[in-house]
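Okay, so here's the structure we're looking at.
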Amino acid sequence: MSAFQVESCFGVELNSGFFNLDEIIDQFGIRSEVLNHKRIRSLIRAQGKKSRIVSVAMRQVIFDLVKPALETDLLPYDPSFTFEKLLNTKRERLYDAQERFLLLCYSMTQGKTVKSLKKLHASLTTKDWRDKANEGRSLFKYFRQELDDNTREYILAYKAKQGDKVKQVEEEVDESQKNASASVPPRRRNKVSLAEKKLAPTSFNDEVVKALKLFEDGYLLLREQTDIVKTGSPLDVDKLRDFCQRLIQSHTRNSFALLAIRHIKDASTYLEQHAIGAAVLGIHFAKALALSAPYIEAIALGGLLFDLGRFRLPMAISHKAGKMTEAEFDLFRKHITFGEQMFKLSDNIPKVVYQMLIDHHERVDGAGYPHGKQDQEISVYGKIAGIIDAYDALTSQQVHKPSMGPLRARQQLIKEAGLAFDKSLLGVFLKSIGRIPVGSCIVLSNGRVGFVLTLNASLEPALIRQVYSLTHKSFITVSDIDLSKPGYSQESTKIVRDIAPQSLGIQFINYLA
């Protein structure tokens with residue numbers, strides 16, 4: 001396959017009356033490479049050449065093919081340049097080619113012709129793009145993100161129409177676990193360690209008390225450690241490891257207590273609580289993958305630390321409501337660099353933790369950051385971190401948005417399977433949290449509203465804390481029922497649907513202790 005050359009864009013037509021990808025791939029000289037791409041051929045067979053999803057996929061493939069040209073320096077912006085200008089030198093012809101190339105790239109992200117974009121934006125120039133390239137920033141990532149932003153909702157809607165994705169993903173879990181085992185470290189032996197033998201199971205209510213104390217201790221530890229590294233001193237990795245061991249032990253005694261307490265989020269201290277929540281989910285995920293003890297500890301530590309760099313960001317950025325400006329998002333993305341700088345001050349941080357930090361915002365479709373890695377380029381630990389980071393964030397109360405709730409967060413992850421998240425690993429995670437996860441607010445057939453506290457051996461809801469009567473539209477004396485007991489199935493007490501607790505003025509955190 002011949003490499004795309006920017007010079008091939010010299011003099012190409014920019015005044016097309018309608019957006020035409022066929023023209024663009026002809027102008028770029030990459031028709032064969034695009035149409036013979038495996039994914040494009042498959043989509044055309046399934047959807048037809050005129051399908052919008054085919055257009056989106058073709059644009060993604062085009063950007064992949066022209067990526068080298070978007071990651072090189074460009075000639076500085078020339079405000080005096082016009083397409084009507086007589087071009088006498090090689091430099092002027094190159095500038096013309098770059099100008100047309102950049103405008104066509106932008107046109108692909110918007111799905112509009114250059115002609116119409118110029119009408120919409122009279123001041124449209126290539127100055128910002130040229131400046132970015134010459135500052136060493138990747139225009140490939142910039143344009144791919146623009147394309148992603150403008151087509152994301154359509155892609156998600158398309159995927160949602162392809163049948164029951166929940167069923168599809170979960171049916172693939174058994175196969176996924178086999179696939180995942182090729183990427184993750186050796187599984188632990190069936191023999192239980194001496195330390196685990198000493199950890200007798202505890203009841204949910206008993207373990208919740210210990211879990212609450214653990215979260216308080218974790219908050220204080222993270223505040224202490226972030227203050228330390230801000231002074232240029234190393235992290236106390238031993239202290240952090242000890243705390244992770246305490247989390248692992250609590251999860252071993254009764255996993256549901258930690259999974260429930262994870263939902264306690266005070267928006268003013270969200271970062272600390274998000275870090276502990278990610279560590280808890282990391283432990284749960286690592287055990288679902290049947291990893292050995294050292295790897296469970298490393299993933300717990302990674303969950304605790306992969307967002308450490310966010311403590312270096314201005315509070316206004318971390319807590320901003322609404323979409324960030326480009327400059328704000330550029331700063332936000334630096335939290336990964338800040339995290340690396342903090343790690344480098346310290347000894348004994350496992351490679352797993354570095355990989356979780358560096359890759360947790362990468363996406364399998366290549367639209368993530370900081371490096372725009374795709375699929376196999378992303379470490380398995382980065383993929384794990386991306387899943388637990390997203391699930392904890394979606395189920396957390398934050399300054400700028402309420403919790404989506406576990407059920408809807410689960411649905412959101414499913415929609416992003418194969419886009420943001422590795423499908424195999426996501427299948428294992430979804431199975432591990434159950435069809436109706438801990439923390440879900442549900443309506444029962446008895447007319448009451450409650451929260452799921454525990455799951456049974458089949459990962460279906462078991463212990464439910466009832467807090468509200470829909471029949472009487474009033475709060476009730478808190479009471480627990482266990483749907484896993486035979487009596488309740490005989491009385492036909494069943495889960496009818498989920499409900500947003502905010503609509504009733506109730507919060508899970510008020511009913512845990």
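None of the values given here were measured: they were computed from a predicted structure.
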query = What pairs with Phe343 under ring pair (Phe, Tyr, Trp, His ring centres under 6.0 Å), at least two apart in sequence or on another chain?
reply = Tyr354
task = With the side chain counted from C-beta on, respond yes when Lys115 and Leu14 share a heavy-atom pair under 4.5 Å apart, and no when they do not.
result = no
ask   = Step by step, would you call Tyr95 with Phe81 a ring pair (Phe, Tyr, Trp, His ring centres under 6.0 Å)?
value = CA-CA 9 Å; Tyr95 189 94; Phe81 174 84; 4.9 Å; yes
request  = Could you tell me whether a side-chain N or O of Ser42 sits under 3.5 Å from a main-chain N or O of Arg39, the two making a donor and an acceptor?
outcome  = no
message = Going by the rule salt bridge (charged side-chain N to carboxylate O under 4.0 Å, His left out), which residues pair with Asp131 if we only count those two or more places apart in sequence or in a different chain?
response = Lys127
inquiry  = Please check: side-chain N/O of Asn134 versus main-chain N/O of Leu74, any donor-acceptor pairing under 3.5 Å?
reply    = yes
task = Taking the side chain as every heavy atom from C-beta outward, state whether Arg408 and Asp498 have any pair of such atoms under 4.5 Å apart.
result = yes
query = Who passes side chain to side chain donor-acceptor pair (under 3.5 Å) against Asp307, sequence neighbours left out?
reply = His274, His335, His360
task = Answer whether the closest heavy-atom distance between the side chains of Arg100 and Phe83 falls below 4.5 Å.
result = yes
query = Who are the side chain to side chain donor-acceptor pair (under 3.5 Å) partners of Glu326, not counting sequence neighbours?
reply = Lys132
query = Tell me the ring-ring contact (aromatic ring centres under 6.0 Å, His included) pairs involving residues 419-441, sequence neighbours left out?
reply = Phe285-Phe429, Tyr391-Phe429
ask   = Side chains of Ile276 and Leu222: does their closest heavy-atom pair fall under 4.5 Å?
value = yes
query = Is it true that a side-chain atom of Ser403 and a backbone atom of Thr395 form a donor plus acceptor pair closer than 3.5 Å?
reply = yes
key: Heavy-atom pair with the smallest gap, counting every atom of Thr126 and Leu102   = CB-CD1, 4.0 Å
query = Which of parallel (below 30°), tilted (30 to 60°) and perpendicular (above 60°) describes Tyr369 and Phe332?
reply = perpendicular
N/O donor-acceptor pair under 3.5 Å between Ser116 side chain and Lys112 backbone = no
request  = Please list, chain by chain and in numerical order, all residues satisfying side chain to side chain donor-acceptor pair (under 3.5 Å) with Arg52, sequence neighbours excluded.
outcome  = none
ask   = Checking Gln27 side chain against Cys9 main chain: does a donor-acceptor pair fall under 3.5 Å?
value = no
query = Taking the side chain as C-beta and beyond, is there a heavy-atom pair between Leu103 and Leu124 under 4.5 Å?
reply = yes
key: Side-chain (His37) to main-chain (Met58) donor-acceptor, under 3.5 angstrom   = no
key: Residue pair Ala298 / Val353: nearest heavy atoms and the distance that separates them   = O-CG2, 3.6 Å
inquiry  = Tell me whether Arg137 at atom CZ has more than 12 heavy atoms from other residues, nucleotides or ligands lying less than 6.0 Å away.
reply    = yes
key: Partners passing salt bridge (charged side-chain N to carboxylate O under 4.0 Å, His left out) against Glu377 (at least two apart in sequence or in another chain)   = none
request  = Would you indicate whether the side-chain heavy atoms of Leu419 and Val364 approach each other to under 4.5 Å?
outcome  = no
query = Can you name the salt bridge (charged side-chain N to carboxylate O under 4.0 Å, His left out) partners of Arg31, sequence neighbours left out?
reply = Asp22, Asp26
query = Can you name the one residue among Ile283, Leu258, Val280 that meets side chain to side chain contact (heavy atoms under 4.5 Å, CB included) with Ile248?
reply = Ile283
request  = Among residues two or more places apart or on two chains, list those pairs meeting salt bridge (Lys or Arg N to Asp or Glu O under 4.0 Å) that have a residue in residues 384-396.
outcome  = Arg262-Asp392, Lys265-Asp392
Pairs where residues 55-81 contributes a residue and the test salt bridge (Lys or Arg N to Asp or Glu O under 4.0 Å) is met, not counting sequence neighbours = Asp64-Arg144
request  = With sequence neighbours excluded, give me every salt bridge (Lys or Arg N to Asp or Glu O under 4.0 Å) pair touching residues 354-374.
outcome  = Arg152-Asp365, Asp359-Lys373, Arg363-Asp365, Arg363-Glu416
Any donor-acceptor N/O pair, Ser51 side chain to Gln47 backbone, under 3.5 Å = no
query = Which pair of non-hydrogen atoms, one from Pro461 and one from Asn456, has the smallest distance, and what is that distance?
reply = O-ND2, 4.5 Å
task = Without swapping roles, check the side chain of Ser379 against the backbone of Gly382 for a donor-acceptor pair under 3.5 Å.
result = yes
request  = Could you tell me which non-hydrogen atom of Gly48 sits nearest to which non-hydrogen atom of Val54, and how far apart they are?
outcome  = O-CG2, 3.4 Å
ask   = Heavy-atom distance under 4.5 Å between the side chains of Leu70 and Phe63, does that happen here?
value = yes
ask   = With distance as the sole test, does Asp96 use its side chain to make a donor-acceptor pair with the main-chain N or O of Gly11 at under 3.5 Å?
value = yes
remark   = Contacts of His251 meeting side chain to side chain donor-acceptor pair (under 3.5 Å) (sequence neighbours excluded), chain-then-number -> His284, Lys287
query = Is the closest side-chain heavy-atom distance between Arg41 and Leu35 below 4.5 Å?
reply = no
ask   = Taking all atoms of both residues into account, what is the closest heavy-atom pair of Ala279 and Leu247, and its distance?
value = CB-CD1, 3.9 Å
inquiry  = Please confirm whether the ring centroid of Phe101 lies under 6.0 Å from the ring centroid of Phe28.
reply    = yes
query = Going through the distances and angles, do Asp375 and Lys383 end up as a salt bridge (charged side-chain N to carboxylate O under 4.0 Å, His left out)?
reply = CA-CA 9 Å; Asp375 200 11; Lys383 291 175 179 178; 3.5 Å; yes
Geometric cation-pi criterion Arg130 and Tyr77, 6.0 Å radius, 45° cone = no
